[in-house]
Amino acid sequence: MLQVQVLKNDLVSVKKLLEKKGFKETGVVDEIISLDEERKKQTFNYDETKAKLNAASKEIGLLMRNGQKDEAEAKKKEVEELKQSLNPTEEKLKDAEKKLFNLLILLPNLPAEIVPEGKTPEENEVVRTGGSKPELYNGAVPHWELAKKYDLIDFETGNKITGSGFPVYKGKGAKLQRALIQYFLEYNTQAGYTEFLPPFMVNEASAFGTGQLPDKEGQMYHAKEDNFYLIPTAEVPLTNIYRDEILQESALPIKMTAYTPCFRREAGSYGKDVRGLNRLHQFDKVEIVQIVQAETSYEVLDQMVEHVEKLIQSLGLHYRILRLCGGDMSFASALTYDFEVYSAAQDKWLEVSSVSNFETFQTNRLKMRYKDANGKSQLAHTLNGSSLALPRILACILENFQTENGIHLPVVMHGYFGGEMI
RNA sequence: GGUGAGGUGGAUGAGUGGCUGAAAUCAGCAGUUUGCUAAACUGCCGUACGGGUUAAACUGUACCGAGGGUUCGAAUCCCUCCCUCACCGCCA
């Protein structure tokens with residue numbers, strides 16, 4: 001959620017930035033500003049009347065104690081009139097506040113200056129490419145066939161017990177998945193991230209805090225009876241750990257990592273790249289989250305990008321890093337880098353990580369602040385990234401390292417997996 | 001699921017209608033004192049939104065789990081909901 005003050009400071013640039021993000025109804029911004037004026041005006045009226053009322057009540061108390069009953073009764077009549085005038089003011093105030101809030105939550109975060117213009121994924125900017133493109137042998141096949149051949153993943157059974165997009169990992173497939181999670185967590189904790197194992201369901205306030213609600217309402221699984229949401233990413237429970245808190249500046253940066261399964265309904269994307277592990281309703285992911293001072297967040301973003309890049313490099317995968325264009329970025333993000341890994345048998349780039357700076361967009365909702373050097377509390381910045389999402393990494397490992405004799409795993413995984421080949 | 005007890009500032013915890021934005025203690029911050037550490041003493045020490053100011057000072061309102069209600073006046077009384085703890089039942 002943006003701060004009204006930010007909108008007021010530079011109305012023209014804010015509108016331009018919103019348009020860059022693909023938000024067209026910039027008239028909303030004008031409405032917000034006038035509603036804020038109304039809010040202030042009514043706040044003033046309300047407070048003033050309330051002050052008079054409070055003073056009168058105090059007097060009544062005094063009069064009563066002195067036994068001046070008649071005077072007290074007269075005062076009560078006066079108060080009655082004041083109260084009458086308070087009601088409409090209070091209503092106007094509440095109304096303005098509510099309208100203001102409802103409009104504010106519609107606005108996406110403003111994109112950073114270096115975010116490229118554009119509306120579609122094709123307009124994302126390739127920052128750099130790394131690793132080398134694998135040479136496949138003649139009989140190479142896509143990962144879903146390899147999964148079947150080596151009995152690693154059973155999509156049909158997942159279909160039976162739940163539905164499509166809920167694969168069953170089996171034998172060495174399950175073990176490799178576990179080994180990858182273990183490796184990723186280890187890699188993150190060695191870089192100073194504290195490991196967490198958070199709840200996989202969150203309440204409404206948490207889902208709102210990180211921006212999933214109301215923007216992604218239909219994309220989360222919802223347990224209606226308890227009003228809990230299955231997490232679409234560990235970002236939600238992790239970031240919410242510090243909701244409603246004022247942190248000491250010395251406690252920053254806070255660095256967290258967690259493995260969780262992620263649940264996404266993926267409504268509206270049926271039939272699109274859903275083959276095999278490409279797009280699932282439940283998948284595993286190791287996430288990193290940082291809470292930092294405002295001044296350092298872009299530096300930290302670069303560090304996180306580098307952190308993820310090295311992890312992908314260590315797996316020997318061919319990858320590229322994209323700076324997302326305004327139209328392809330998520331609602332809450334100010335700057336996002338996507339990592340895509342080359343899936344050799346599919347001849348496709350698959351997104352395996354998304355690293356973003358949210359600036360104060362989340363912390364404004366979360367009321368997550370810190371006391372700066374002057375003792376003033378200000379909103380912290382939050383960042384997060386995948387490190388890494390499992391299924392597509394698994395798909396690429398299977399495809400890119402397949403040989404006639406089996407799948408030759410990346411060296412770094414040998415120890416974690418307890419073997420070199422599948 | 002049943003019964004009982006509770007939800008107060010960073011923590012512990014007092015407070016059953018006005019003198020309570022809230023005692024006290026601890027933690028924290030600043031200072032004084034004493035070779036150092038420690039201790040003692042003094043002061044400060046919630047948040048949000050307004051007014052005010054160059055900035056402060058100062059000042060108004062709201063907030064004692066959440067939302068309603070009673071009252072001139074509510075942390076305090078009433079209602080609804082949420083949560084926590086203890087015991088019982090069920091159970092990984």
Side-chain angles (χ1 to χ4, degrees), chain A residues 1-9 32-105 197 199-209 213 222-229 237 240-252 254 261 291 360 363-380:
Chain A
M1 190 159 65
L2 295 170
Q3 295 160 274
V4 179
Q5 200 49 51
V6 171
L7 306 182
K8 277 188 177 170
N9 285 347
I32 286 174
I33 288 172
S34 75
L35 275 169
D36 191 55
E37 290 305 324
E38 173 72 6
R39 195 204 99 239
K40 272 194 197 175
K41 191 178 136 199
Q42 299 304 340
T43 300
F44 186 81
N45 290 343
Y46 178 84
D47 286 357
E48 225 177 27
T49 312
K50 206 68 214 270
K52 282 184 203 158
L53 269 172
N54 288 346
S57 290
K58 231 172 213 170
E59 275 183 59
I60 292 171
L62 280 172
L63 293 170
M64 298 281 265
R65 221 162 318 133
N66 294 338
Q68 297 168 273
K69 280 215 170 133
D70 296 344
E71 286 87 340
E73 286 305 318
K75 204 79 194 168
K76 277 192 196 179
K77 288 228 170 73
E78 235 177 81
V79 163
E80 199 55 43
E81 279 167 42
L82 272 174
K83 277 177 87 179
Q84 294 296 327
S85 73
L86 191 65
N87 290 337
T89 309
E90 190 176 3
E91 222 148 276
K92 278 187 210 161
L93 175 60
K94 281 192 176 168
D95 190 54
E97 278 175 343
K98 199 173 140 198
K99 280 187 184 152
L100 179 63
F101 177 79
N102 286 338
L103 289 182
L104 266 177
I105 59 173
L197 185 59
F200 301 159
M201 296 180 108
V202 295
N203 58 29
E204 202 178 337
S206 295
F208 174 79
L213 290 179
H222 185 211
K224 213 172 162 188
E225 190 141 26
D226 299 289
N227 198 20
F228 291 157
Y229 292 88
N240 272 283
I241 290 173
Y242 292 98
R243 166 152 52 90
D244 288 323
E245 294 207 15
I246 300 177
L247 301 155
Q248 292 299 319
E249 193 171 21
S250 59
L252 303 178
I254 290 169
I291 299 167
T360 59
T363 53
N364 190 30
R365 293 175 166 217
L366 292 161
K367 296 197 174 61
M368 190 196 295
R369 292 148 294 174
Y370 66 94
K371 286 239 193 260
D372 66 16
N374 302 321
K376 292 224 162 154
S377 67
Q378 55 171 300
L379 295 171

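Excluded from the calculations below are hydrogen atoms, water molecules and symmetry mates; all remaining heavy atoms, backbone and side chain alike, are included. What you see is a predicted model; the values in this text were computed from it and never measured. Protein chains get the first letters and strands the later ones, always in sequence-line order, with residue 1 at the start of each.
With a heavy-atom cut-off of 4.0 Å to chain A, the contacted part of RNA chain B has its first and last nucleotide at B/G18 to B/G73.
Distance noted for atom C1' between B/C85 and B/G73: 34 Å (whole Å). Distance check on atom C1': B/G13 versus B/A22 gives 13 Å, rounded to whole Å. Rounded to whole Å, the separation between the P atoms of B/C72 and B/G67 comes to 23 Å. Between B/G21 and B/G60, the two P atoms lie 12 Å apart (nearest whole Å). The same atom, C1', is picked in B/U25 and in B/G9; the two are 14 Å apart, to the nearest Å. Annotation: B/C64 and B/G10 have their P atoms spaced 14 Å apart (nearest Å). Comparing the same atom, P, in B/A86 and in B/A24 gives a spacing of 32 Å after rounding to whole Å. Nucleotides B/U47 and B/G43, compared at atom C1', are 23 Å apart to the nearest Å.
One side chain, A/Ser206 or A/Arg243, offers a donor N or O that lies under 3.5 Å from an acceptor on the other. Remark: the A/Asn87 side chain and the A/Glu91 side chain contain no N/O donor-acceptor pair separated by less than 3.5 Å. Donor-acceptor pairing under 3.5 Å is lacking for the side chains of A/Gln3 and A/Asn364. No side-chain N or O of A/Ser57 forms a donor-acceptor pair with one of A/Asn54 less than 3.5 Å apart.
A 6.0 Å sphere centred on NZ of A/Lys8 holds more than 12 heavy atoms belonging to other residues, nucleotides or ligands.
Within the nucleic acid shown, A/Lys367 has no heavy atom closer than 4.0 Å to any nucleic acid atom. The residue A/Leu53 sits apart from the nucleic acid: no heavy atom pair falls under 4.0 Å. At the heavy-atom level, A/Lys52 lies nowhere under 4.0 Å from the strands shown. Across all strands shown, A/Ala51 has heavy atoms under 4.0 Å from sugar-phosphate atoms exclusively, and none from any base. Across all strands shown, A/Lys40 has heavy atoms under 4.0 Å from sugar-phosphate atoms exclusively, and none from any base.
When both distances must be under 3.5 Å, the Watson-Crick or G-U wobble mate of B/U3 is B/A86. Judged by Watson-Crick or G-U wobble contacts below 3.5 Å, the nucleotide B/U34 has no partner. Base-pair partner of B/U53: not found among the strands shown (Watson-Crick or G-U wobble, both distances under 3.5 Å). B/G18 is paired with B/C72 under the criterion used here, namely a Watson-Crick or G-U wobble arrangement in which both key atom distances are under 3.5 Å. Here B/A23 sits opposite no nucleotide as a Watson-Crick or G-U wobble pair (both hydrogen-bonding atom distances under 3.5 Å). Base pairing of B/G43 is made with B/C29, judged by Watson-Crick or G-U wobble geometry with both donor-acceptor distances under 3.5 Å.
Position along RNA chain B of the nearest nucleotide to A/Lys94 versus A/Lys50 favours A/Lys50 as the more 5'-ward residue. Take the nearest nucleotide of RNA chain B for A/Phe44 and for A/Lys83: the residue whose nucleotide is more 5' is A/Phe44.
To the nearest 0.5 Å, the span separating CD on A/Glu97 from CG on A/Asp36 amounts to 10.0 Å.
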Could you go step by step and tell me if A/Lys83 and A/Glu80 meet the salt bridge (Lys or Arg N to Asp or Glu O under 4.0 Å) rule?
-> CA-CA 5 Å; A/Lys83 277 177 87 179; A/Glu80 199 55 43; 5.1 Å; no

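The ring-ring contact (aromatic ring centres under 6.0 Å, His included) test applied to A/Tyr229 returns A/His222, not counting sequence neighbours.
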